Amino acid sequence: MFRLLAFILVFSFRTFAADERNLLQKSADVRRLDQTLILHQKWVTYPVYTDRAGWDKMTGSLKTSLIKKGEENLNYTWQKITASGYLEFERSGSRLGQEEPFNTNTVAFNHLVVAELAEGKGRFMDKIIDGVWFFCEQTSWASVNNLFVMTKNRPPRSLPNPDEAILDLVVGDMSTLLAWTHYFLTEPMDNVNPLISQRLRHELQRRILDPYMQRDDYWWQALKPTQTFVNNWNPWCNFNVLACYMLLENDPQKLAQAVARTMQSVDKFINYNHEDGGCEEGPFYWDLAAGKLYEYLALLHQATGGKVSIFDQPLIKNMGEYIVNSYIGNGWVVNFADAPAKVYKPAGMIYRYGKAVNSVPMQKFGAYLARQSPDYVNCSCHGSGRDLTRTLENLRTWEEVEKTPGALSTPPYSWYPQTELCFMRSGNYFLAAKGGHNGESHNHNDVGSFILFYKNKPLLIDVGVGTYTKQTFSNNRYGIWTMLSHYHSVPNINGISQKNGRKYRARNVRFDSAKKTFSLDLAEAYDSAGVQQWNRSFTLQPDGVGLVLRDAFVLGEVRVNNQFHFMCARPPDITEKGVVAFWVDGERLTLQYDPLLFLAEAEPIDLPDKRMSNVWGSQIYRLRLTALKTASKGTYSFTVTALK
């Protein structure tokens with residue numbers, strides 16, 4: 001078990017940034033929080049349950065559709081999670097036996113609660129009470145994967161232990177959903193039987209409030225002095241802890257101590273992030289990293305009447321604007337690491353984040369996305385269906401968002417010098433390339449990899465990742481083909497692929513905005529390859545002609561022929577020597593290479609996994625260019641051009 005958890009932490013995270021900013025702890029300590037926190041839920045801006053005029057105003061023209069979604073679940077049958085459903089994770093590695101019924105239950109429950117708040121007639125209360133009781137009777141709300149990883153039991157097992165409180169992402173989400181239910185609906189529940197709300201309050205105390213204060217060994221807390229691992233779990237979990245404490249705890253000293261503890265923890269996440277604001281986890285996880293950080297900070301701001309706020313810090317704004325810059329167009333995003341190239345986009349939250357940090361591009365981008373999603377108000381965190389906070393906030397601001405002109409921000413380039421990401425546009429081309437290292441959060445072995453779009457349509461791609469299984473976050477992670485460098489657009493050097501680990505990284509990473517050239521040395525990303533220098537450069541021609549990719553190398557020894565891989569969204573035609581042809585909506589694009597230096601081969605790759613096929617279709621393609629002769633030094637050059 002220890003080896004498994006240690007691997008997960010090692011592959012996912014890097015050490016904290018050198019600058020220990022501690023912005024939150026500098027803004028307030030326990031004593032100040034004791035004086036500024038607004039008690040007894042007086043900070044809540046939503047109408048109380050009985051304020052029908054308030055709810056009518058808040059839901060507006062959406063009221064009927066919200067009630068309809070509740071009506072669709074009035075006869076819902078709560079899905080039981082069997083012991084064999086949990087055990088399937090150990091037996092086959094599949095998480096679906098536990099996750100599918102759990103997620104179905106949470107979506108139904110959320111719709112029922114929102115419908116009751118919108119209508120206010122008690123019509124949905126029996127079903128809500130059934131749901132409350134059903135969730136209270138469950139041994140754990142944690143994901144089966146996290147039960148397996150986070151349990152103290154040896155060896156790890158996937159059945160929940162009633163004697164151990166696992167506080168993970170899902171427990172946090174469920175606790176906040178149920179804490180809001182307790183806040184809004186205690187009175188109608190008590191009218192049926194006071195034991196219902198009492199039981200719910202008891203479960204929230206033992207499942208989230210007490211464990212958070214009693215334990216410091218949940219790795220995502222990063223509270224121990226030697227703890228150097230943190231990622232999106234940190235703001236995501238801490239947001240839920242903060243929300244639950246603010247909704248449930250009214251003892252001033254206990255509340256101040258808990259809030260201060262979350263601030264200490266979240267500071268570790270802020271410290272971890274580079275000043276450039278780049279999200280190494282990509283747009284898919286931005287929602288749950290920077291996005292959840294924003295929601296944590298917004299709640300802290302609200303709970304203190306604006307007296308504790310760091311929205312004026314440039315880092316927080318930079319982290320937010322990353323989501324605008326990483327949007328390519330037509331729904332496509334830059335998708336390095338464990339991310340699909342098309343993702344759920346939280347329009348309302350992006351707008352509110354932009355408003356908090358005074359970012360006009362974010363506000364306009366959020367408004368633009370809202371117009372692309374007719375049901376964005378009901379969208380919740382990562383599409384999970386259990387984020388009632390975000391649903392409430394979307395309702396509070398939906399009219400404001402609709403009145404905001406929507407627009408895309410398409411800067412000619414976005415350069416993240418510390419995160420080592422570069423996005424460029426020229427004419428019809430969009431290029432994204434990365435440096436970094438192979439110990440990043442949700443890492444793939446992809447130093448020096450890139451994607452290329454033409455007229456906002458994919459040409460050379462990052463495949464992404466398949467459906468998560470037991471293997472995905474285990475010491476067998478790099479047995480999965482999507483994680484390996486030879487399924488990314490990078491070379492094999494002397495027959496060697498890139499290795500995983502923080503020490504395998506780029507060096508001498510530079511960007512020249514005038515020349516639109518991004519360059520880096522890949523030598524340190526390869527172990528035992530005998531490579532002294534491998535300088536890779538990407539140049540987007542200023543007249544929009546296309547991409548020039550150059551690899552200049554020096555090898556200390558020569559073993560086998562070098563090989564280049566290019567992952568393709570479209571079938572490559574290699575009939576003509578020196579030219580690889582692609583068709584994009586009737587236009588012919590070519591990747592040109594020296595036929596005296598390389599042999600071209602192409603293979604289709606079937607995508608039976610729905611997580612990938614939903615993005616790319618049933619197949620993608622891998623183009624291989626194998627050097628015809630060995631060489632100790634030289635320069636390879638490739639050009640991508642659209643033929644008029």
Side-chain angles (χ1 to χ4, degrees), residues 23-25 27-30 32-49 51 54-55 57-58 117 172-173 175-177 179-184 208-209 235-252 254-267 269-270 290-313 316-317 319-320 346 348-359 362-363 366 377 380-381 387-401:
L23 299 176
L24 289 169
Q25 293 170 83
S27 66
D29 56 14
V30 174
R32 187 181 178 201
L33 288 170
D34 192 20
Q35 298 170 350
T36 58
L37 284 168
I38 301 172
L39 302 177
H40 302 288
Q41 295 71 56
K42 300 298 183 183
W43 54 271
V44 178
T45 58
Y46 313 125
V48 296
Y49 171 67
D51 181 4
W55 279 104
K57 181 179 179 181
M58 185 163 162
L117 294 175
D173 283 352
S175 296
T176 301
L177 170 57
W180 277 118
T181 303
H182 184 273
Y183 168 78
F184 284 119
I208 192 165
L209 302 188
W236 188 354
C237 291
N238 276 297
F239 163 76
N240 286 310
V241 170
L242 178 63
C244 287
Y245 262 98
M246 291 306 304
L247 285 168
L248 299 168
E249 182 60 74
N250 288 310
D251 180 291
K254 289 182 179 179
L255 184 60
Q257 290 170 356
V259 173
R261 191 174 176 88
T262 69
M263 292 167 64
Q264 179 187 357
S265 179
V266 173
D267 262 337
F269 177 75
I270 297 172
K292 274 299 170 189
L293 174 63
Y294 156 70
E295 290 180 324
Y296 171 90
L297 296 176
L299 179 55
L300 186 62
H301 181 281
Q302 189 174 353
T304 60
K307 295 178 181 178
V308 178
S309 177
I310 59 170
F311 283 128
D312 60 342
Q313 294 291 327
I316 307 303
K317 184 174 184 178
M319 291 174 70
M349 184 269 283
I350 292 171
Y351 170 83
R352 293 187 293 274
Y353 194 152
K355 190 174 180 181
V357 297
N358 195 28
S359 169
M362 288 189 73
Q363 293 175 67
V377 168
S380 60
C381 178
D387 191 345
L388 183 55
T389 308
R390 193 170 288 179
T391 299
L392 292 168
E393 281 294 277
N394 286 342
L395 282 171
R396 182 182 66 83
T397 57
W398 72 275
E399 285 188 328
E400 184 180 340
V401 173

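Given the structure is predicted, the values throughout are model-derived calculations rather than measurements.
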Treating Q302 as the side-chain partner and W43 as the backbone partner, does any N or O pair qualify as donor plus acceptor under 3.5 Å?
yes
Measure the CG-CE distance between L293 and M319 for me, rounded to the nearest 0.5 Å.
5.0 Å
Taking 4.0 angstrom as the limit, do R390 and D173 come out as a salt bridge?
no
Report yes or no: does S27 contribute a side-chain atom to a donor-acceptor pair with the main-chain N or O of L24 at less than 3.5 Å?
yes
Please tell me if the side chains of T262 and Y245 come closer than 4.5 Å, counting only heavy atoms from C-beta onward.
no
Shortest non-hydrogen contact from A303 to M246?
CB-CE, 3.4 Å
Nearest heavy-atom neighbours spanning A256 and L33
O-CD1, 3.8 Å
So do the side chains of D267 and I270 get within less than 4.5 Å of each other, counting heavy atoms only?
yes
CG on L395 to OH on Y46, rounded to 0.5 Å:
9.0 Å
Is there a side-chain contact (heavy atoms from CB on, under 4.5 Å) between K254 and L209 once you walk through the steps?
CA-CA 10 Å; K254 289 182 179 179; L209 302 188; over 6 Å; no
Might you work through the side-chain contact (heavy atoms from CB on, under 4.5 Å) test for N394 and V401, ending with a clear yes or no?
CA-CA 9 Å; N394 286 342; V401 173; over 6 Å; no
Taking the inter-plane angle between the rings of W180 and Y183 on a 0 to 90° scale, is it parallel (under 30°), tilted (30 to 60°) or perpendicular (over 60°)?
perpendicular
Will you find, in the side chains of N240 and T176, an N or O donor that is under 3.5 Å from an N or O acceptor?
yes
Donor-acceptor under 3.5 Å (W55 side chain, V48 main chain)
yes
Mind checking whether Y351 and E400 have side chains closer than 4.5 Å, heavy atoms only?
yes
Sub-4.5 Å side-chain heavy-atom contact between L300 and M263
yes
M349 and E295: CA distance, side-chain angles, deciding distance, side-chain contact (heavy atoms from CB on, under 4.5 Å) verdict
CA-CA 8 Å; M349 184 269 283; E295 290 180 324; 3.7 Å; yes
Which value, rounded to the nearest 0.5 Å, describes the distance between K42 atom NZ and L37 atom CG?
15.5 Å
Go through the side-chain N and O atoms of R261 and N238 and say whether any donor and acceptor fall under 3.5 Å apart.
no
Taking every heavy atom of I38 against every heavy atom of T304, the minimum-distance pair comes out as CD1-C, 4.3 Å
Taking the six-membered ring for Trp, are Y294 and F311 parallel (under 30°), tilted (30 to 60°) or perpendicular (over 60°)?
tilted
Note, D51 side chain near M58 side chain (heavy atom, < 4.5 Å):
no
Consider only side-chain N and O atoms of T397 and R352, and report whether a donor and an acceptor are under 3.5 Å apart.
yes
Taking all non-hydrogen atoms of both residues, which atom of I350 and which atom of M362 are closest, and how far apart?
CG2-O, 3.5 Å
Keeping the roles fixed (side chain from R32, backbone from V308), state whether a donor-acceptor pair exists under 3.5 Å.
no
Which atom of A179 lies closest to which atom of C244, heavy atoms considered:
CB-SG, 4.1 Å
Within the side chain of Y296, is there an N or O that forms a donor-acceptor pair under 3.5 Å with the backbone of W236?
no
Would you mind reporting whether N250 and Q41 have side-chain heavy atoms less than 4.5 Å apart?
yes
Atom pair CD (Q264) and CG (D29), whose distance is rounded to the nearest 0.5 Å
12.5 Å
Mark yes when over 12 heavy atoms from residues, nucleotides or ligands other than K307 sit less than 6.0 Å from its NZ; otherwise mark no.
no
